[in-house]
Amino acid sequence: MDLKSGRPFWPIKNGPLGHYFPLEQDVDCEVAIVGAGVTGALVAYYLTKEGIHTIIVDRREVGTGSTSATTGLLQYEVDTPLFELMGRVGETKAVRSYHLCLEAIYGIEQLVHELGDACDFERKESLYLASCRSDVETLQREYGVRTRIGIRLELLGREALRESFQLDYPAALLSSDGGQIDAYRLTHALLRAASKSGLQVYDQTEISNHRAGKNGAELVTKQRKRIRARKIVFANGYEIPAGLRKDIVQLKSTYALASTPCERLPAKLTQCLIWETARPYFYMRTTQDGRVLIGGEDDDFDNPKRRDARVPRKSKKLVKRFETMFPEVDLTVDSSWAGTFGETQDGLAYIGETEKCPHSYFALGYGGNGITYSLIAAQIIRELYTGRPNPNAEVFGFDR
Ligand SMILES: Cc1cc2nc3c(=O)[nH]c(=O)nc-3n(C[C@H](O)[C@H](O)[C@H](O)COP(=O)(O)OP(=O)(O)OC[C@H]3O[C@@H](n4cnc5c(N)ncnc54)[C@H](O)[C@@H]3O)c2cc1C
């Protein structure tokens, strides 16, 4: 599958961060992870920290799947508003998912401290704009349910938005809890740290077959090497693992760009992640060196050829939209790209086990807040493997 096109920003910004080799012999381990993006790297880090002998493989170079294409916003907001999610999955699961995603932002902050590499992590506020007047009521309802469960939030009206942000929108929710990260760098930092504790990393190693046995499972690579493990973790991202229903996720195309460093960015723009109620939504954030990352313009297809051809046009549209909001900023595009992106019906990730695939765990963080899901997946899988109880697994289970 062709996951991305154009020039994703992170590999260019960071340059080479790590160098790994393909698997060239049969190996045994306790846990084998398929996929060395940010999700697989987090799972590998947590398992290795527990002293579990883990191997991770990727058909690409480490971090060069969707992880290299992300814009790196860390949001606790699931794609489905909380009040709506409550109606779909019940209050307990909906509230739990919002709380878990919120905790995940600070979990990532703690992790980068532990790694000794900030990976450009920054706390940010999150400004969620009502795209039109008819969405104001939605924001009011959402404000009510979120504040009731203890989330720090302000509801801003048109006047307040004009005064504080010089933005002309009918209303917005301003959340105190948000963040941003260089997920590509984080992936490399996690794998580097875990390698020191015994993790084996193999890239350019494609898994072409998978067999479950009585006491474990076996992966077979395209080069016919075998990996025998007690458990397999599928962290394949949007390349849906074999054996799962393809319709658990709707694949789409999404577009993004990074500007060159801008002079004089408005302070409010640098403090916030900005996004909106319209679907697909337009969003933006800044970087520490004064760039603006902008994304959106999603298409309801994932045909790479069609997607690739649209990158220049979509990039122009994103710039135009930015200029209407911040006419005082002179924006020059440095790189623009597109990527496959996936959404589930309820906006929740798929994490954990399914009877259909014995000896396997899945870490599929589909949705706009995919990176916070990656951390939750790593924690759930660690608990499942070590046999500790984890009530969160049922929130993201396959039986829904
Ligand atoms: C343009 C864009 C913007 C985004 N912005 C955000 C954002 O702001 N915030 C956010 O949270 N999320 C965002 N996302 C989503 C985010 O990028 C993903 O949730 C995240 O990168 C998924 O990481 P992953 O490790 O699960 O997947 P990946 O990074 O794709 O890693 C999966 C890996 O599995 C490997 N693999 C697959 N099949 C096999 C096989 N058979 N054998 C071996 N290896 C295999 C692939 O090569 C790949 O490297 C964005 C996505 C896009 C495209």
Side-chain angles (χ1 to χ4, degrees), residues 71-112 121-131 135-158 160-161 164-165 167 169-181 268-279 281 283-285 343-344 346-349 351 365-377 379-380 390-396:
T71 38
L73 282 74
L74 298 177
Q75 292 171 292
Y76 68 83
E77 293 100 331
V78 168
D79 283 343
T80 312
L82 178 59
F83 76 86
E84 210 181 305
L85 193 61
M86 285 173 164
R88 288 202 197 182
V89 301
E91 180 159 342
T92 312
K93 284 186 183 174
V95 170
R96 194 78 203 111
S97 66
Y98 266 70
H99 277 149
L100 283 170
C101 289
L102 199 148
E103 285 160 20
I105 297 171
Y106 299 105
I108 291 171
E109 182 177 37
Q110 202 187 325
L111 197 61
V112 295
F121 176 91
E122 280 184 275
R123 284 190 189 192
K124 291 276 158 148
E125 291 177 312
S126 167
L127 186 69
Y128 186 44
L129 298 163
S131 308
D135 289 342
V136 174
E137 205 190 313
T138 309
L139 288 196
Q140 287 166 341
R141 270 185 90 178
E142 187 63 9
Y143 173 75
V145 288
R146 280 203 225 160
T147 46
R148 188 156 57 76
I149 66 161
I151 290 179
R152 296 178 296 165
L153 203 62
E154 273 179 75
L155 178 62
L156 306 178
R158 194 182 283 279
L161 265 171
S164 309
F165 289 89
L167 288 174
Y169 282 80
L173 291 179
L174 180 63
S175 282
S176 311
D177 304 291
Q180 61 186 39
I181 188 108
K268 285 293 178 187
L269 171 59
T270 60
Q271 275 165 24
C272 292
L273 314 172
I274 301 181
W275 59 308
E276 60 167 348
T277 52
R279 293 293 181 270
Y281 57 82
Y283 64 93
M284 67 181 106
R285 66 132 160 141
E343 287 171 348
T344 60
D346 53 16
L348 297 178
I351 301 169
Y366 304 138
N369 49 332
I371 303 169
T372 48
Y373 281 151
S374 303
L375 186 86
I376 296 169
Q379 291 168 339
I380 290 178
N390 189 315
N392 304 328
E394 65 177 38
V395 177
F396 304 101

Contacts of Y76 meeting ring pair (Phe, Tyr, Trp, His ring centres under 6.0 Å) (sequence neighbours excluded), chain-then-number -> none
Sequence neighbours left out, what passes ring pair (Phe, Tyr, Trp, His ring centres under 6.0 Å) with Y143? Give chain and number order.
none
Under 4.5 Å between any side-chain heavy atoms of [X] and [Y], yes or no?
X    : Y    : value
Y128 : E142 : no
Y373 : V78  : yes
L156 : Y169 : no
T138 : T277 : no
V112 : I181 : yes
F121 : L111 : no
L155 : T147 : no

Less than 4.0 angstrom from a charged side-chain N to a carboxylate O is my criterion; do E394 and R96 meet it?
no
I'd like to check the salt bridge (Lys or Arg N to Asp or Glu O under 4.0 Å) partners of [X]; sequence neighbours left out, ordered by chain and number.
X    : value
D79  : none
D346 : R400
R279 : none
E154 : none

Here the gap from L153 atom CG to S126 atom OG, rounded to the nearest 0.5 Å, amounts to 9.0 Å
CG/L273 to CZ/R123 distance, rounded to the nearest 0.5 angstrom?
13.0 Å
What do you reckon, is CZ of R141 surrounded by more than 12 foreign heavy atoms closer than 6.0 Å?
no
Over all heavy atoms of both residues, which pair between I105 and Q75 is shortest? Give the atoms and the distance, please.
CD1-C, 3.9 Å
